[in-house]
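Every chain is numbered from 1 and lettered A, B, ... according to where its sequence line falls, protein lines coming before strand lines.
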Amino acid sequence: MTEGQRRSPGGSSGRPDRSAKAGGGHAGSGPGADQLGALLGRVARGDQDAYAAVYDRTAGQVLGLVLSIVRDPAQSEEVAQEVLLDVWRSASRFDAELGSAAAWVMTLAHRRAVDRVRSEQKAAEREMRVASSAVAYDEVAEAVEARLDRERVRRCLGSLTELQRESVTLAYYGGYTYREVAGLLGVAIGTVKTRMRDGLIRLRDCLGVDP
Amino acid sequence: MRLGGSDPHTLAGAYAMDAAPEPDRSRFERHLARCESCRQEVRGLREATAALAGATAVRPPAALRDVVLHAAGQTRQLPPAVAAAPAAWAPARHRRRPGWRPRLAIVLAGALAAVAVAAGVVVVTFGVQGRLGQAQHRDHMVATVLSASDATMMSRPVSTGGTATVVMSHRERALVFTAADLRVLPTGESYELWLIGPAGTRSAGMVDGSGHGRMVGPMVVSGLAAGDSVGMTVEPASGSPRPTSPPVMLIGLR
């Protein structure tokens, strides 16, 4: 996350030409990252103890992300459960060449959550949602690492332009498509696409994460 | 400055955040297959999104761990992909889980046998009238649902304790319900199943949780309509025409 890595604001996005560089840790590259990848390798061979360890490292993030998109606690737990089982089922498909283990898991989670909210909203679930929203979740605020991550993410989000930040947060935490984001923000579709990309590039550089 | 959608590269950010719906998504994936630097970019952006995810962590309920680890133990894993690797991770959007079907027949057969042995008596509900059917009819219905080509198994924690498992078939418009380790209710209360959907909220019968062993069911629930969910509430033992308490379990029947 040195200045040199940052893209010039606005110019942004140029061609993706970022050279590989050892990252300073976050989800993808922190001290736990390689361990998670190694655990997934064991999970792929059917090791249930390794799976329990993977669960313990990822379930809180998976559920938290799903909750931010799906909102309804009961449904979110369903989706989180599906995601975590997917990790078990498809661990053999994880390829460290294509990215970190944490990113792989969170990509599964995000996609499932988004699929859930974009599938036709079922009247039944809406009806029940009102009644079933009593579950409360503790934020894992006391976990130092989590708090540091949170602060870093907040700081890096703060380094984006307002439009970049809104585009990224609505898409990622809200599960909206870029067309929906454009509608919500009242800006042109092309602008939103560009801001999403520029915003993520800036975040990536600020966070010092590495593929 | 790129405007509009002419330059596919601009979609990398939206794509990395699952914010590019079809047909943009497929179009971009075709482009990715030909563009190594784009794949590299998407990888980096995905790492950034994983960091965003990290900031949302919550403490999951303890029951979730048991349910997930237990379900994993009963779920067949996919073999490694041997075909040409995909351009970037594009985890399959499987709505059905073909790998589960042969397995779930075994799981359910085991569950049914356990129930038959442990309980001796099995209450089965056919449709909304909740009339008792003959054992053969029930077994036939159970077998029909389990062997349906679109049979799907879903397992969910019950918020008050235990796990509910449903095998459903849209084609047969029916599901088989079982549950394990439900909290024993005080006398005068009982679990009731509901179908909830655009077709209305219909009772699917009382769950006989009368304390025989740890399994309840199987119950066959027929008359599924499009968009239904199955839910379970705690009701007076005589049943209620409408749910009178929040659901302790809810499964969307996709």
Inset, instruction - Could you tell me whether the side chains of Thr56(B) and Gln61(A) share a donor-acceptor contact shorter than 3.5 Å? - result: no

Between [X] and [Y], which heavy-atom pair has the shortest distance, and what is it?
X: Leu207(A); Y: Ala48(B); answer: CD1-O, 4.0 Å
X: Arg43(B); Y: Leu98(A); answer: CG-O, 3.1 Å
X: Val153(A); Y: Ala51(B); answer: CG2-O, 3.3 Å
X: Tyr176(A); Y: Ala19(B); answer: O-CB, 3.4 Å
X: Gly64(A); Y: Val58(B); answer: N-CG2, 3.8 Å

Checking [X] against chain B: side chain, backbone, both or neither under 4.5 Å from a heavy atom?
X: Ala59(A); answer: both
X: Gln48(A); answer: side chain
X: Glu97(A); answer: backbone
X: Val192(A); answer: neither
X: Leu170(A); answer: neither
X: Val87(A); answer: neither

Just give me the residue among [options] that pairs up with chain B most often, heavy atom to heavy atom, under 4.5 Å.
options: Val168(A), Thr58(A), Thr169(A); result: Val168(A)
options: Ala91(A), Ala52(A), Ala80(A), Ser68(A); result: Ala52(A)
options: Gly199(A), Ala109(A), Ala44(A), Ala188(A); result: Ala44(A)

Would you say the side-chain atoms of [X] pair up with the backbone N or O of [Y], donor to acceptor, closer than 3.5 Å?
X: Arg93(A); Y: Pro79(B); answer: yes
X: Glu77(A); Y: Pro157(B); answer: no
X: Ser92(A); Y: Leu78(B); answer: yes
X: Tyr55(A); Y: Arg65(B); answer: yes
X: Gln77(B); Y: Val43(A); answer: yes

Legend entry - Leu84(A), Val83(A), Val62(A) screened by side chain to side chain contact (heavy atoms under 4.5 Å, CB included) with Val68(B), the one that passes: Leu84(A)

Going from [atom1] on [X] to [atom2] on [Y], what distance comes out if it is rounded to the nearest 0.5 angstrom?
X: Thr49(B); Y: Tyr172(A); atom1: OG1; atom2: OH; result: 4.0 Å
X: Glu47(B); Y: Ser100(A); atom1: CD; atom2: OG; result: 3.5 Å
X: Leu157(A); Y: Leu52(B); atom1: CG; atom2: CG; result: 5.5 Å
X: Leu85(A); Y: Met154(B); atom1: CG; atom2: CE; result: 13.0 Å
X: Tyr51(A); Y: Leu69(B); atom1: OH; atom2: CG; result: 6.5 Å
X: Met196(A); Y: Leu11(B); atom1: CE; atom2: CG; result: 9.5 Å

Legend entry - Part of Val248(B) within contact of chain A (heavy atom distance under 4.5 Å): neither

Legend entry - CA sep, side-chain torsions, deciding dist, call: Leu200(A), Met17(B), side-chain contact (heavy atoms from CB on, under 4.5 Å): CA-CA 9 Å; Leu200(A) 275 188; Met17(B) 295 189 288; 3.7 Å; yes

Inset, instruction - For chain A, find which of Ala226(B), Gly13(B), Ala12(B) contributes the most heavy-atom pairs closer than 4.5 angstrom. - result: Gly13(B)

Inset, instruction - Step by step, work out the side-chain contact (heavy atoms from CB on, under 4.5 Å) result for Arg197(A) and Glu41(B). - result: CA-CA 10 Å; Arg197(A) 183 184 182 210; Glu41(B) 173 171 315; 2.6 Å; yes

Legend entry - Carboxylate-amine/guanidinium proximity below 4.0 Å for Asp18(B) and Arg112(A): no

Legend entry - salt_bridge(Glu78(A), Arg156(B)) N-O dist < 4.0 Å: yes

Legend entry - Pair Lys193(A)-Asp24(B), salt bridge (Lys or Arg N to Asp or Glu O under 4.0 Å): steps then yes or no: CA-CA 12 Å; Lys193(A) 282 199 276 191; Asp24(B) 298 338; 5.8 Å; no

